[in-house]
Number of protein chains: 2
Amino acid sequence: MRILIIEDDQEASAYLAKGLKEAGHTVDQAGNGTDGLFLATTERYDAMVVDRMLPGVDGLTIVQTIRGAGNTTPVLILSALGKVDDRVKGLKAGGDDYLVKPYAFAELLARIEALGRRTSASQPETRLKVEDLEMDLLARTVNRSGQDIDLQPREFRLLEYLMRHAGQVVTRTMLLENVWEYHFDPQTNLIDVHISRLRQKVDKDFDQPLIHTVRGAGYTLRAQR
Amino acid sequence: MRILIIEDDQEASAYLAKGLKEAGHTVDQAGNGTDGLFLATTERYDAMVVDRMLPGVDGLTIVQTIRGAGNTTPVLILSALGKVDDRVKGLKAGGDDYLVKPYAFAELLARIEALGRRTSASQPETRLKVEDLEMDLLARTVNRSGQDIDLQPREFRLLEYLMRHAGQVVTRTMLLENVWEYHFDPQTNLIDVHISRLRQKVDKDFDQPLIHTVRGAGYTLRAQR
DNA sequence: CCTCGATGATCAGAATACGCATGGGGTGCC
DNA sequence: GGCACCCCATGCGTATTCTGATCATCGAGG
């Protein structure tokens with residue numbers, strides 16, 4: 001796991017970093033709120049440990065700010081303040097857990113790992129990738145093995161949905177609801193047609209097909225079988 | 001959110017339930033470990049509050065059991081034991097958070113909501129497991145001892161039903177109603193045929209058969225006998 | 001211990017449902 | 001008006017399901 005520590009007490013920070021590294025994680029450290037906020041917004045972490053009292057930008061503010069920006073990385077707030085109200089404030093600000101100093105390292109480790117376990121996938125992604133197929137959501141482009149693929153709007157949405165659920169079987173109902181926003185069954189082969197067209201573009205010129213039919217169930221996007 | 005409370009102290013449980021309901025959640029309660037485990041495995045919750053000390057099945061055991069079954073519902077463990085070692089044990093067992101009694105309700109609420117927030121998008125029970133046989137409902141895949149098994153749609157539904165009722169005897173009528181949605185008896189050996197085919201795929205290449213005939217009653221999925 | 005009826009297992013062909021490709025018509029946008 | 005794009009209908013090929021016949025097994029009763 002990649003973990004960011006924002007803590008002004010040098011010694012405490014070093015101690016924490018050492019322990020987390022020994023447990024097999026990758027650690028970045030920031031010694032004040034400003035640097036911390038910068039790292040938190042520019043890098044991707046699986047979890048963050050944030051001290052509540054910080055020079056510059058305060059811990060709670062950091063959490064509120066990154067949450068406001070849509071970042072959902074789990075945050076463990078560290079504080080000397082143990083009163084219930086303080087804890088509630090910490091959690092309300094968007095913290096996922098709250099630990100009072102002094103704490104035992106074993107507990108912090110257990111909690112951080114519990115948090116991380118829960119969310120390995122959270123950031124609002126801008127690129128999707130499945131095998132050699134890549135989609136850039138911002139640029140609205142798709143390419144496979146470097147070769148550009150030109151898709152119509154509906155085909156794009158369809159492929160996006162399939163990619164977001166790669167490995168899972170996606171039912172027709174799911175597609176109607178999420179790609180077409182139909183909340184009923186149109187009783188036509190609408191989906192089949194679009195899948196067919198998508199296949200022409202995505203799988204036709206390649207050895208390994210990615211779109212697979214799961215008879216009686218739906219479709220799935222994945223490597224083999 | 002749907003929340004399950006497993007707590008033997010009637011008063012504490014009622015108090016908790018009341019508070020959570022007032023905060024807009026739906027609450028189920030279990031007064032002992034056995035009932036709790038039953039609800040936890042048969043129903044779907046967004047979060048669970050589990051007392052550590054319980055008559056019958058103990059709190060940690062419950063958490064370990066549901067985790068072993070692939071259930072990832074967030075769990076908040078409640079305990080009178082506040083020592084660091086106890087907390088670490090609680091989190092290691094698969095708990096997502098740990099709160100020591102006496103606690104303030106506001107804090108518990110904040111923590112539960114922090115846990116729920118994190119996984120509201122979590123999948124509704126996605127894997128079934130019986131002995132060495134595993135089924136992934138999302139990917140629609142089945143494997144036994146790591147070896148993939150390829151099933152047709154009806155066979156898949158049939159096996160799913162058997163797995164969801166593992167250990168119980170499943171009658172032909174139950175199968176007709178739930179797997180075929182027939183509400184009458186087709187007067188053919190329809191079911192026998194499909195069970196036969198399923199056996200070929202599930203039991204044929206393995207020492208230990210899992211599908212057993214219960215003469216005059218139906219079928220059952222379990223280890224021996 | 002053997003026999004016989006009832007219950008369950010297996011097999012293969014027939015019936016069915018499902019998914020695919022294609023072309024045409026409609027709609028809305030430049 | 002022309003162009004994209006999207007949706008619908010058709011017919012075809014095939015995977016899946018169901019049926020009915022035959023064979024195996026079980027257990028009660030003589």
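Letters A, B, ... are given to chains in the order of the sequence lines, protein chains preceding strands, and every chain is numbered from 1.
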Enquirer: Give the rounded distance in Å between these two atoms: CZ of B:Arg215 and C1' of C:dA9.
Expert: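 From B:Arg215 CZ to C:dA9 C1': 11 Å.
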Enquirer: Using 4.0 Å as the upper bound for N to carboxylate O, is an ion pair formed by B:Asp205 and B:Arg144?
Expert: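 Salt bridge: no.
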Enquirer: Quiz question: by atom type and distance under 3.5 Å, do the side chains of A:Thr141 and A:Arg127 form a donor-acceptor pair?
Expert: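 On atom types as modelled, these side chains do not qualify, holding no pair under 3.5 Å.
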Enquirer: I'd like to check B:Leu108 versus B:Leu78 (side-chain heavy atoms, cut-off strictly below 4.5 Å). Are they in contact?
Expert: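 A side-chain contact exists here, since the closest heavy-atom pair is under 4.5 Å.
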Enquirer: Evaluate side chain to side chain contact (heavy atoms under 4.5 Å, CB included) for B:Leu159 paired with B:Leu151, printing each intermediate quantity in order.
Expert: CA-CA 9 Å; B:Leu159 182 59; B:Leu151 296 182; 3.7 Å; yes
Enquirer: For A:Ile112 and A:Ala47, work out which heavy atoms get closest and say how close.
Expert: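 Minimum heavy-atom contact is CD1-CB, 4.1 Å.
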Enquirer: Nearest whole angstrom, please: distance from the P of C:dT7 to the CZ of B:Arg172.
Expert: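 It is 10 Å, rounded to the nearest whole Å.
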Enquirer: What does the inter-axis angle of the helix from C:dC1-D:dG30 to C:dC30-D:dG1 come out as, five pairs per end, nearest 10 degrees?
Expert: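 One end's axis against the other's: 30°.
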Enquirer: Please list residues of residues 177-187 of chain A whose heavy atoms come under 4.0 Å from any atom in DNA chain D, ordered by number; otherwise none.
Expert: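 Contacts with DNA chain D under 4.0 Å: A:Trp180, A:Tyr182.
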Enquirer: Would you say the side chains of A:Ser145 and A:Asp132 form a donor-acceptor pair under 3.5 Å?
Expert: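 Side chains of A:Ser145 and A:Asp132: pair found under 3.5 Å.
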Enquirer: Output the residues of residues 189-205 of chain B in contact with DNA chain D, where contact means a heavy atom of the residue under 4.0 Å from an atom of the strand; sort by number or write none.
Expert: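 Close to the strand are B:Asn189, B:Leu190, B:Val193, B:His194, B:Arg197.
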Enquirer: Report yes if the side chains of A:Gln29 and A:Val27 come closer than 4.5 Å at any heavy-atom pair, otherwise no.
Expert: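 Yes, at least one pair of side-chain atoms sits under 4.5 Å.
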Enquirer: With sequence neighbours excluded, what pairs up with B:Glu181 under the side-chain hydrogen bond (donor to acceptor under 3.5 Å, both in side chains) test?
Expert: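 With neighbours one apart ignored, the set is B:Arg157.
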Enquirer: Output the distance between atom CZ (B:Arg2) and atom NE2 (B:His25), rounded to the nearest 0.5 Å.
Expert: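 It is 13.5 Å, given to the nearest 0.5 Å.
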Enquirer: Heavy-atom distance under 4.5 Å between the side chains of A:Phe38 and A:Glu43, does that happen here?
Expert: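 They are not in side-chain contact.
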Enquirer: Would you call B:Arg111 and A:Asp96 a salt bridge, taking side-chain N to carboxylate O under 4.0 Å as the test?
Expert: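 Judged by the 4.0 Å cut-off on N to carboxylate O distance, B:Arg111 and A:Asp96 do not form a salt bridge.
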Enquirer: Below 4.0 angstrom, which residues in residues 147-160 of chain A have at least one non-hydrogen atom near DNA chain C?
Expert: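 Heavy-atom contacts with DNA chain C come from no residue of residues 147-160 of chain A; none.
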Enquirer: Does a side chain donor of either A:Glu155 or A:His194 reach within less than 3.5 Å of an acceptor in the other side chain?
Expert: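 The criterion, which ignores hydrogens and geometry beyond distance, is not satisfied for A:His194 and A:Glu155.
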Enquirer: Could you tell me if the side chain of B:Ile66 sits less than 4.5 Å from the side chain of B:Leu37, heavy atoms only?
Expert: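 Heavy-atom side-chain distance check passes, below 4.5 Å.
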Enquirer: Nearest 0.5 Å, please: how far is CG in A:Asp148 from NZ in A:Lys201?
Expert: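 The CG atom of A:Asp148 is 13.0 Å from NZ of A:Lys201, to the nearest 0.5 Å.
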Enquirer: Look at B:Thr213 and C:dA9 and indicate whether a side-chain polar atom (N or O) is within less than 4.0 Å of OP1 or OP2.
Expert: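 So the side-chain polar atoms of B:Thr213 do come within 4.0 Å of the phosphate oxygens OP1 or OP2 of C:dA9, strictly under.
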Enquirer: First and last nucleotide of DNA chain D in contact with chain A, 5' to 3', at under 4.0 Å to a heavy atom: what are they?
Expert: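 Footprint of chain A along DNA chain D, 5' to 3': D:dC5 to D:dT16.
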Enquirer: Do B:Met1 and B:Thr26 make a side-chain contact, defined as non-hydrogen atoms from C-beta onward lying under 4.5 Å apart?
Expert: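 Result no, sub-4.5 Å side-chain heavy-atom pair not found.
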